[in-house]
**Student:** 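If you scroll down you'll find the structure; I have some questions about it.
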Amino acid sequence: MTLEEIHGQELVPAGHDWMQGAGKALHELLVSAQRRGCLTAGVYESAKLMNVDPDNVAFCVLATDEEDEGDIALQIHFTLIQAFCCENDIDIVRVNDVAKLAAIVGPSEESGEPRDLHCILITNPNEDGWKDPALEKLNSFCEESRNVNDWVPTIALPE
């Protein structure tokens with residue numbers, strides 16, 4: 001069996017519905033986390049939080065648009081964040097539409113200014129026993145993606 005044959009095998013549930021389900025779960029998780037105050041946005045803010053309290057990070061979202069693909073500094077940050085997440089068993093996904101992400105999380109609550117949404121961390125709340133079904137779906141999605149060597153899967157957010 002060649003590498004192309006192995007890579008072409010579908011070990012994860014195939015189809016648009018499964019990917020769409022992951023997008024909806026991410027949307028639900030972002031809304032829920034923001035409501036609970038468990039959302040950290042920004043590359044530098046996220047890096048600071050991961051450095052201080054990595055055990056409190058439950059999920060990571062990296063977001064880019066087409067114009068960000070040429071930003072070498074951002075790509076270096078992404079590589080470091082991905083490595084950190086992998087080393088600390090933090091599930092991580094990519095989103096290729098910062099505008100949709102901005103529509104979900106909105107501007108900064110303190111200043112009302114648009115915020116850096118290239119990296120978003122979902123942290124564990126102080127509440128005991130908070131289990132978010134959307135987070136569990138996304139954790140399963142990430143685990144299934146890793147089974148086919150897709151370590152940082154890309155999710156499309158719903159319209």
**Student:** Find out whether Ile155 and Leu138 are in side-chain contact, i.e. whether some heavy atom of one side chain is under 4.5 Å from a heavy atom of the other.
**Tutor:**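 Contact flag for Ile155/Leu138 side chains = yes.
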**Student:** Please list every donor-acceptor pair under 3.5 Å in which a side-chain atom of residues 78-92 meets a protein atom from a residue at least two apart or in another chain.
**Tutor:**
| from | atom 1 | to | atom 2 | distance (Å) |
| --- | --- | --- | --- | --- |
| Thr79 | OG1 | Gln75 | O | 2.9 |
| Asn88 | ND2 | Phe84 | O | 2.9 |
| Asp91 | OD1 | Arg146 | NH1 | 2.7 |
| Asp91 | OD1 | Arg146 | NH2 | 3.4 |

**Student:** Could you tell me if the side chain of Leu62 sits less than 4.5 Å from the side chain of Val93, heavy atoms only?
**Tutor:** no
**Student:** Who are the salt bridge (Lys or Arg N to Asp or Glu O under 4.0 Å) partners of Lys137, not counting sequence neighbours?
**Tutor:**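 Lys137 satisfies salt bridge (Lys or Arg N to Asp or Glu O under 4.0 Å) with no residue once adjacent residues are dropped.
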**Student:** Spell out, yes or no, whether Phe141 and Trp151 are grouped together once hydrophobic residues are joined by side-chain heavy atoms under 4.5 Å, including indirect joins.
**Tutor:** no
**Student:** Given 3.5 Å as the limit, does a donor-acceptor pair link the side chain of Asp116 with the main chain of Val43, or not?
**Tutor:**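 Yes: the side chain of Asp116 pairs with the backbone of Val43.
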**Student:** Do Phe59 and Leu135 come close enough that some side-chain heavy atom pair is under 4.5 Å?
**Tutor:**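 Yes. Closest side-chain heavy atoms under 4.5 Å.
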**Student:** With the side chain counted from C-beta on, respond yes when Val61 and Leu26 share a heavy-atom pair under 4.5 Å apart, and no when they do not.
**Tutor:**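 Side-chain contact under 4.5 Å: yes.
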**Student:** Using salt bridge (Lys or Arg N to Asp or Glu O under 4.0 Å) as the criterion, list what pairs up with Arg94, not counting sequence neighbours.
**Tutor:** none
**Student:** Just how far is it from atom CG of Asp97 to atom OG1 of Thr154, taken to the nearest 0.5 Å?
**Tutor:**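 Going from the CG atom of Asp97 to the OG1 atom of Thr154 covers 12.0 Å.
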**Student:** Kindly indicate whether the side chain of Leu74, heavy atoms from C-beta on, has any atom under 4.5 Å from the side chain of His118.
**Tutor:**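 Yes, their side chains come closer than 4.5 Å.
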**Student:** Is it true that atom CD of Glu69 has more than 12 heavy atoms of other residues, nucleotides or ligands lying nearer than 6.0 Å?
**Tutor:**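 Count over threshold, so yes.
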**Student:** State the CD-CG distance between Glu144 and Asn147, to the nearest 0.5 angstrom.
**Tutor:** 5.5 Å
**Student:** Taking Asp65 for its side chain and Asp68 for its backbone only, find out whether a donor-acceptor pair lies under 3.5 Å.
**Tutor:** no
**Student:** With no hydrogens and no angle check, is any side-chain donor or acceptor of Asp53 less than 3.5 Å from a backbone partner on Leu49?
**Tutor:** no
**Student:** Quick check for you: to the nearest 0.5 Å, what is the distance between Ile120 atom CD1 and Leu30 atom CG?
**Tutor:**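 If we round to the nearest 0.5 Å, Ile120:CD1 and Leu30:CG are 5.5 Å apart.
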**Student:** I'd like to check Ile122 versus Val57 (side-chain heavy atoms, cut-off strictly below 4.5 Å). Are they in contact?
**Tutor:** no
**Student:** From Leu101 CG over to Asn96 CG, what is the distance, rounded to the nearest 0.5 angstrom?
**Tutor:** 11.0 Å
**Student:** Side chain to side chain contact (heavy atoms under 4.5 Å, CB included) for Leu121 and Leu39? Distances and angles first, verdict last.
**Tutor:** CA-CA 6 Å; Leu121 297 180; Leu39 189 137; over 6 Å; no
**Student:** Where do Ser32 and Asp132 come nearest, in terms of heavy atoms and distance?
**Tutor:** OG-OD2, 3.1 Å
**Student:** Between the main-chain N or O of Ala134 and the side-chain N or O of Glu28, is there a donor-acceptor pair closer than 3.5 Å?
**Tutor:**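 No: the side chain of Glu28 does not pair with the backbone of Ala134.
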**Student:** If you define the side chain from C-beta out and look only at heavy atoms, does anything of Cys119 sit under 4.5 Å from Tyr44?
**Tutor:** no
